[in-house]
Amino acid sequence: MSIVLEQLGYCYPDTTQGVHALSLEVAPGELLAVIGASGCGKSTMLRLVAGLLPVQAGRVLIDGQDVGAVPAWHRKVGMVFQSYALFPHLDVLGNVAYGLRMQGMDRVNRERAAQRMIQAVGLGGLEGRRPSQLSGGQQQRVALARALAFRPSVLLLDEPLAALDAHLRSQLCDEVRDVQRASGAATLFVTHDQQEALMLGDRVAVLHEGYLQQVDTPRALYARPANLTVARFVGHANLLKATVIDSGRVATALGVLAAETGRRSKGAAVHLMVRPEACRPDPDRCAANRIEGVPGRVRFLGATCRWDFVASAAAEALAASPGATPRSTTTLLCEGPVVATSAVSLAPEELVVLDDHNAGSWRSPPPQS
Amino acid sequence: MTIALYLAYLLLPIALLAVGAFGESWTNSLLPSGFTLRWFGDLIADGSFRRAFWTSLLVAAGTCAAAAVLATPLAYVLYHRGQQGSAIAGRLLASLPVAVPALTLGFGYVLVFSSDQMPWLGTLPLLIAAHVVLTLPYLTQTLVADLRHLGLADLEACAATLGASPSRQFWTVALPCLRHSLLSGLVMVAALSIGEFQISNLIASFKFRTYPVVLLQAFYGATGYACAATVVLLVLALAAAKLSAQATGAAR
């Protein structure tokens, strides 16, 4: 019940699109969320695991067995498609029982098993409906039930919630998690929505242009992105151009700030990542990394606010040489229930220094068991 | 305005034919005078019309059956190999009969099938084959459009992950999904076959003349008689459409 990808490679004809040297492990019962912009290769990866595309390089192992030569219909891989791909000519029961029917199970048994699965996803009573008579959320549940009804060893979810409205999506997120847990299948969950990935994944993998950027727990990914690409993609972040001027000190458009610089040499060009919630409003006079300025636009979000903070020192510098500094380096995106009036401080332990070029090679930690 | 004109051009002749079929006499006036059913009586009494009526039905049914058997796999291949070279041959095959005038095909058949090697001119199978050639492109296009609309590629990929081999994907997903468009496509095939005149007139033998071929004779007689015969053709075409619908419905 595990998935292992070893140096997996696939390239679409006459392009560089696809996946390159992709190595990943999904432990039994684990849900690994894969995020990336559209065209980053995440769906390609799923299709390679499912056997819908031929592996060009590397290996795909399911339960330790190389499945490169096994056709899709013998892999026992449950997959939920973004379009759901429900069979329009079958009712809910027929759809969910389809996998068992292909296995040659007799009608009575397969309908009983399908019935159980339909109950598990909360669609009891709708067995006789056609897909066209169901709402989007119900269709999604049918697709999930169908993918799990024949007890696949692995589950592949291709943007399963993308077509739903926001409210339903967060509700179904929990349901998908529960059903997946109960099935015990090693699961790859592909999404372009990083919030979904952080919420659902035991671990999260970030793909960019076919290359794996980082695999880590949601918390670690958020707090310590391995590079700029990951920092840009996961969560909101202020990314400030900076230069290392000393060990533990970097120069930015907002002034000199204290931050952990690691073993980077003096003068190294880096970026400083500041999460919106790392901006503390109106700190003590002596607080570290204190920046004076004025609040800008405030966006009220209920429990919290997301507000802009315009640093005055940087704004003055900008006024002196118009067009020299883009707005993003003078304005910090901040988040918290209280909006600063005259100053913010950036907690040094929450600042992350990132290399401009993804020089540092990143190594995958072993999967949780 | 355009639509009104179009409808007038389409419906007026049909309406006049219907009126004419029941008119006693109709010469050099806008509308016929008197009311009679005798034209229909004459028609029924006419043996050549009766035979042509059943021949047309038989040809339409045979054309529908053969077209369905040929067009379904053809559409399937065209959909799946849409980008590849082998599709060009298929596309050519499917669109050529539309481009080539039916008259040209008819003359060709006369030449080929009156030879000693293939003396089949005038046989029923040849007539049906000719109708299949004419109607296949329309049916194939209908099916391909429906396959695209359904997103069959996703459905089949999904069936594959659920354990269906390619042949089972075809029988349990593609074919059942296609039934609606197959049905509407066959209605079109039946209507086209019933109304086909050009080729039928050239290659049908005296024994297997289709209704439109015999109908031409009626125009040399009384106007009311010709109108009645045409009305029967119209009803026949509609009935064939209905019949093919029921036949495909029952086959499922």
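Below, read A as the first sequence line, B as the second, and so on, with proteins coming before strands; counting in each chain starts at 1.
Here the closest heavy-atom approach between residue B:Thr161 and residue A:Phe150 is recorded as O-CZ, 3.4 Å. Pairing each heavy atom of B:Leu162 with each of A:Met102, the nearest pair is O-CB, 3.6 Å.
Ranked by non-hydrogen atom pairs under 4.5 Å with chain B, the options A:Arg146, A:Lys76, A:His74, A:Arg75 are led by A:Arg146. Chain B forms more heavy-atom pairs under 4.5 Å with one residue of A:Ala50, A:Pro71, A:Ala147, A:Pro88 than with any other, namely A:Pro88.
For A:Leu156, no part lies under 4.5 angstrom from a heavy atom of chain B. Residue contact with chain B, scored on non-hydrogen atoms closer than 4.5 Å, involves the backbone and the side chain of A:Arg101 alike. Proximity to chain A (any heavy atom under 4.5 Å) is restricted, for B:Leu150, to the side chain, taken from C-beta onward.
Using a 4.5 Å heavy-atom threshold, the side chains of B:Arg168 and A:Trp73 count as separate. With a 4.5 Å cut-off on side-chain heavy atoms, B:Thr172 and A:Tyr98 count as touching.
With values rounded to the nearest 0.5 angstrom, A:Tyr84 atom OH is found 12.5 Å from B:Asp154 atom CG. Atoms SG and CG, on B:Cys158 and A:Asn95 in that order, are 8.0 Å from each other to the nearest 0.5 Å.
Under the 3.5 Å distance criterion, the side-chain polar atoms of A:His89 are left unmatched by any main-chain donor or acceptor of B:Leu178.
Other residues, nucleotides and ligands contribute over 12 non-hydrogen atoms within 6.0 Å of the CG atom of B:Leu12. More than 12 heavy-atom neighbours from other residues, nucleotides or ligands sit within 6.0 angstrom of CZ on B:Arg51.
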